[in-house]
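Quick note: numbers below take in every heavy atom, side chains included, and nothing from hydrogens, waters or symmetry partners. Here is how names work: the chains are called A, B, and so on, in the same order as the sequence lines, proteins then strands, and each is numbered from 1.
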There are 2 protein chains.
Amino acid sequence: MSGRQLPLAKAELRAQVIKSLAHAARVQMVDALARGEMCVCDLRDLVGLDISTVSKHLALLKAAGIVRVEKRGLNQFYRLNCSCLSAFFECVDSVTAGNARHYREATRP
Amino acid sequence: MSGRQLPLAKAELRAQVIKSLAHAARVQMVDALARGEMCVCDLRDLVGLDISTVSKHLALLKAAGIVRVEKRGLNQFYRLNCSCLSAFFECVDSVTAGNARHYREATRP
DNA sequence: GAGCTTGTTGGTTATTTGGTAAAATATAAG
DNA sequence: CTTATATTTTACCAAATAACCAACAAGCTC
């Protein structure tokens with residue numbers, strides 16, 4: 001029993017979620033949201049982009065199911081919708097760490 | 001000590017790795033490679049794209065540090081370069097599962 | 001070496017993404 | 001009800017991505 005191949009439909013679902021995290025600003029925002037909810041203007045200060053751009057990034061994360069939002073007064077407070085992201089980033093960081101090690105070995109033999 | 005914000009440079013490194021996985025064909029290929037090495041033509045059969053397209057996808061995964069390659073005879077054999085991807089996809093799947101649940105609840109109250 | 005097979009690279013085209021500015025919406029404050 | 005603040009939406013442009021095909025390179029096999 002070698003396990004069958006991943007169907008395209010499921011791969012596309014996965015890809016959509018992964019895509020939503022495949023941008024430095026969104027990575028920064030998600031990282032910050034891991035420490036608690038934030039409003040859009042706080043996130044704009046964090047990443048230093050136009051607030052309309054930040055709003056679009058957040059809409060993307062929301063559509064992917066990464067964050068949820070709650071309105072209180074004038075502000076929209078965004079928070080993480082899933083608790084597994086630290087494991088996710090741990091894997092990503094282990095890859096970048098491997099790359100850095102490989103790079104060192106290649107350039108300083 | 002609340003932890004400072006993730007620096008942009010580190011967020012960009014993370015984003016590059018995540019981006020390399022943010023495509024259905026690459027997700028399928030990585031999933032298959034988790035079961036052992038494969039040559040490019042096998043992967044082409046798997047995803048059903050032109051072999052030049054597959055080659056470019058693999059070059060991307062290699063640049064990101066996800067896979068490594070070894071040439072034997074006429075074939076290039078690709079294999080995973082990191083062992084953490086199952087945890088990575090587990091998180092992704094938990095998000096898609098949450099989305100599906102949320103969708104069901106919204107449409108069939 | 002001629003010819004086949006496997007894979008990569010370069011060119012072209014179409015689609016998607018990421019950014020801003022301007023207009024629209026929503027709620028609060030006066 | 002008018003104004004101010006926070007966010008989203010729309011319109012638009014530039015850059016990046018993904019697909020295919022054609023041409024090339026590398027390594028068999030004869």
Side-chain angles (χ1 to χ4, degrees), chain A residues 8-9 11-33 36-79 81, chain B residues 8-9 11-33 36-79 81:
Chain A
L8 182 58
E12 278 170 347
L13 282 179
R14 279 186 178 178
Q16 193 214 348
V17 171
I18 298 170
K19 218 174 287 188
S20 79
L21 292 162
H23 188 287
R26 296 195 289 269
V27 167
Q28 282 187 298
M29 293 196 288
V30 166
D31 181 83
L33 290 174
E37 66 172 19
M38 296 175 78
C39 67
V40 182
C41 52
D42 288 341
L43 290 163
R44 174 205 52 190
D45 294 344
L46 180 82
V47 301
L49 293 171
D50 192 277
I51 194 159
S52 68
T53 306
V54 172
S55 177
K56 278 208 247 184
H57 281 305
L58 288 167
L60 236 161
L61 288 170
K62 194 176 94 180
I66 303 292
V67 300
R68 63 175 179 280
V69 64
E70 180 190 344
K71 182 156 197 169
R72 291 202 300 277
L74 273 179
N75 297 291
Q76 302 273 9
F77 288 93
Y78 282 84
R79 68 178 58 198
N81 199 27
Chain B
L8 181 59
E12 278 169 346
L13 283 179
R14 280 186 178 178
Q16 194 214 347
V17 171
I18 298 170
K19 219 175 288 188
S20 79
L21 292 162
H23 189 286
R26 297 196 288 270
V27 167
Q28 281 187 298
M29 294 197 287
V30 166
D31 181 83
L33 290 173
E37 67 173 18
M38 296 175 81
C39 67
V40 182
C41 52
D42 288 340
L43 290 162
R44 174 207 49 188
D45 294 344
L46 180 82
V47 301
L49 294 171
D50 191 276
I51 193 161
S52 67
T53 305
V54 172
S55 176
K56 282 176 186 174
H57 281 305
L58 288 167
L60 236 161
L61 287 170
K62 194 176 93 178
I66 302 291
V67 300
R68 63 176 180 280
V69 65
E70 180 190 344
K71 181 157 198 168
R72 290 200 302 276
L74 273 179
N75 297 291
Q76 302 274 6
F77 289 94
Y78 282 86
R79 69 177 58 198
N81 199 28

Interatomic distance, [X] [atom1] vs [N] [atom2] [rounded to whole Å]:
| X | N | atom1 | atom2 | answer |
| --- | --- | --- | --- | --- |
| B:M29 | D:dA18 | CE | C1' | 12 Å |
| A:L58 | D:dT9 | CG | C1' | 14 Å |
| B:H23 | D:dA16 | NE2 | C1' | 13 Å |
| A:K19 | D:dA16 | NZ | P | 18 Å |
| B:D50 | C:dG11 | CG | P | 17 Å |

With a non-hydrogen cut-off below 4.0 angstrom, is [X] in contact with a base, only sugar-phosphate, or nothing?
| X | result |
| --- | --- |
| B:K62 | nothing |
| B:R26 | sugar-phosphate |
| B:F77 | nothing |

Review point. Does D:dC20 have OP1 or OP2 sitting under 4.0 Å from an N or O in the side chain of B:T53?
Key: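 Affirmative; the distance criterion is met.
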Review point. So does B:H57 get a side-chain nitrogen or oxygen closer than 4.0 Å to the phosphate oxygens (OP1/OP2) of D:dT17?
Key: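 Looking at the OP1 and OP2 atoms of D:dT17, neither is under 4.0 Å from any side-chain N or O of B:H57.
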Point to revise | Heavy-atom check, side chain of A:V54 versus side chain of A:M29, under 4.5 Å | key: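 Touching, per the 4.5 Å side-chain cut-off.
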Review point. Toward the 5' end of DNA chain C, which comes first, A:S52 or B:L74, by nearest nucleotide?
Key: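 The residue mapped nearer the 5' terminus is B:L74.
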**Study point:** C:dG7 base / B:K56 side chain donor-acceptor hit below 3.5 Å
**Key:**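 Side chain to base: no pair present.
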